[in-house]
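Position 1 is the first residue of the sequence, and the numbers go up from there. Values below: every heavy atom of this structure, side chains too, minus hydrogens, waters and symmetry copies.
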Amino acid sequence: MLKGLIFDLDGVITDSAVYHLKAWQDLAKSIGIDLPEEFGDKLRGRSRMDSLELILEFGHKQDQYTEAEKEALAAKKNAAYVNAVKQMTRADILPNMDKLLAEAKQQGLKLALASASKNAPLILHQLGLEDAFEARVDPATLKHGKPDPEIYVKAQELLGLKADEVISFEDAPAGIQSIKAAGQFAVGIGDPVVLKGADYVVGSTSALELSKIEKVFEKTEK
């Protein structure tokens with residue numbers, strides 16, 4: 001029986017990925033790496049340090065920095081990103097998400113946020129969604145990044161629910177892998193080919209309908 005919903009943040013509740021990519025591109029350029037637009041897809045759902053490692057590997061510079069220097073680079077990128085997201089408002093909530101969250105609340109479903117972003121509290125504040133979720137996973141408590149299931153297992157546990165009692169929402173392949181590894185029902189938002197591991201896929205948040213998702217979920221649980 002469905003009792004809760006778990007959401008990623010970037011690309012699901014709001015699209016701050018564009019701010020992430022711009023900040024990473026600027027940082028990469030400062031160290032001599034030209035990061036193409038399409039590289040942003042590889043960074044979706046990844047932690048800050050995992051993203052930096054991918055960028056350094058792409059630029060063949062993975063062995064040129066100490067851990068302390070990498071931390072400094074990540075901090076520089078984050079400062080630029082935070083400055084950008086401070087301009088966000090409720091208008092930046094992706095289409096239909098307000099409605100879906102409201103419907104879930106009306107049904108008595110518990111809601112949790114499973115985002116690797118350390119800036120999630122700031123973003124939720126900017127969006128006016130600080131009180132929308134009963135639980136939020138603290139990225140600082142995580143030992144493994146997506147596609148490891150840890151973040152979705154923790155979100156489920158914070159809600160006091162079992163894997164077969166939740167539906168989780170993601171827009172990245174690594175996130176879908178994380179959800180499925182946690183034994184949960186996965187809703188993918190984006191390209192169905194890229195998100196082929198999901199149980200249910202829509203092209204955008206505009207197409208999300210809780211009643212339709214619940215019907216598919218109920219069939220898989222029988």
Side-chain angles (χ1 to χ4, degrees), residues 1-18 20-21 37-51 53-54 57-58 94-97 100-101 104 109-117 120 133 135 137 139 142-159 161-222:
M1 179 180 173
L2 179 63
K3 296 182 180 180
L5 304 180
I6 302 173
F7 298 87
D8 180 33
L9 180 60
D10 294 336
V12 176
I13 303 296
T14 188
D15 192 5
S16 56
V18 62
H20 273 300
L21 180 59
E37 292 286 328
E38 57 268 23
F39 200 84
D41 291 336
K42 296 181 183 294
L43 305 179
R44 287 182 179 272
R46 303 282 183 178
S47 70
R48 194 180 306 161
M49 294 308 294
D50 284 349
S51 295
E53 292 291 351
L54 286 174
E57 184 178 347
F58 173 78
L94 286 172
N96 210 36
M97 288 309 300
L100 189 145
L101 293 172
L109 298 177
K110 295 181 178 180
L111 306 181
L113 191 72
S115 171
S117 173
F133 302 93
V137 176
L142 300 174
K143 296 179 180 178
H144 307 286
K146 301 172 185 177
D148 189 275
E150 183 182 17
I151 191 168
Y152 280 97
V153 171
K154 283 205 171 188
Q156 161 198 315
E157 290 175 345
L158 286 172
L159 292 178
L161 301 178
K162 297 182 291 187
D164 60 0
E165 295 176 328
V166 300
I167 292 174
S168 295
F169 296 74
E170 267 281 0
D171 72 315
I176 296 297
Q177 290 175 47
S178 178
I179 294 170
K180 295 312 298 176
Q184 300 168 2
F185 184 95
V187 174
I189 301 167
D191 187 332
V193 175
V194 175
L195 304 176
K196 59 187 177 184
D199 299 290
Y200 184 93
V201 182
V202 293
S204 70
T205 59
S206 300
L208 286 173
E209 290 187 37
L210 188 55
S211 60
K212 288 184 178 181
I213 298 169
E214 287 175 322
K215 286 180 182 178
V216 178
F217 172 81
E218 288 166 4
K219 287 181 180 178
T220 62
E221 295 304 304
K222 288 180 180 179

Handout entry: F7 and F169 aromatic ring geometry - parallel, tilted or perpendicular at 30°/60° bounds
Key =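 Taking F7 first and then F169, their aromatic rings lie parallel (interplane angle under 30°).
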Handout entry: K154 side chain to V137 backbone, donor-acceptor under 3.5 Å
Key =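 Pair absent, no side-chain N/O of K154 close to backbone of V137.
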Exercise for the section: Please step through side chain to side chain contact (heavy atoms under 4.5 Å, CB included) for the pair T14 and M97, ending with a clear verdict. Expected result: CA-CA 9 Å; T14 188; M97 288 309 300; over 6 Å; no
Counting C-beta onward and ignoring hydrogens, is there a side-chain heavy-atom pair between [X] and [Y] closer than 4.5 Å?
| X | Y | answer |
| --- | --- | --- |
| H20 | L43 | no |
| F133 | L158 | no |
| L159 | I6 | yes |
| L5 | L100 | yes |

Practice task
With sequence neighbours excluded, tell me which residues meet side chain to side chain contact (heavy atoms under 4.5 Å, CB included) with V18.
Solution key: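 Per chain and number, V18 pairs via side chain to side chain contact (heavy atoms under 4.5 Å, CB included) with no residue.
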Looking at every heavy atom in both [X] and [Y], which two are closest together, and how far apart are they?
| X | Y | answer |
| --- | --- | --- |
| S178 | I151 | OG-CG2, 3.8 Å |
| K42 | L54 | O-CD1, 3.7 Å |
| A182 | V153 | CB-CG2, 3.8 Å |
| A114 | A155 | CB-CB, 4.2 Å |
| D171 | L195 | O-CD2, 3.7 Å |
| V12 | I189 | CG1-CD1, 4.0 Å |

When rounded to the nearest 0.5 angstrom, what distance separates [atom1] in [X] from [atom2] in [Y]?
| X | Y | atom1 | atom2 | answer |
| --- | --- | --- | --- | --- |
| K196 | D191 | NZ | CG | 10.5 Å |
| I213 | K215 | CD1 | NZ | 12.0 Å |
| I13 | L113 | CD1 | CG | 7.0 Å |
| L109 | L111 | CG | CG | 7.0 Å |
| Q156 | I179 | CD | CD1 | 11.5 Å |

Exercise for the section: Using the side-chain hydrogen bond (donor to acceptor under 3.5 Å, both in side chains) rule, pick out the option among E170, E157, Q184 that qualifies with Y152. Expected result: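 When E170, E157, Q184 are each tested with Y152, the side-chain hydrogen bond (donor to acceptor under 3.5 Å, both in side chains) holds only for E170.
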Anything under 3.5 Å between a donor and an acceptor, one on a side chain of residues 202-212, the other on a protein residue two or more places apart or in another chain? List them.
unit_1 : atom_1 : unit_2 : atom_2 : d
S204   : OG     : S206   : N      : 3.4
T205   : OG1    : P95    : O      : 2.7

Practice task
Please collect all ring-ring contact (aromatic ring centres under 6.0 Å, His included) contacts where either partner lies in residues 170-200, sequence neighbours excluded, each pair once.
Solution key: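 As it turns out, the ring-ring contact (aromatic ring centres under 6.0 Å, His included) pairs with a partner in residues 170-200, which skip direct neighbours, are F185-F217.
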Practice task
Check each of D8, I176, D50 against K146 using the side chain to side chain contact (heavy atoms under 4.5 Å, CB included) test, and report the only one that passes.
Solution key: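 Among the candidates, only D8 passes.
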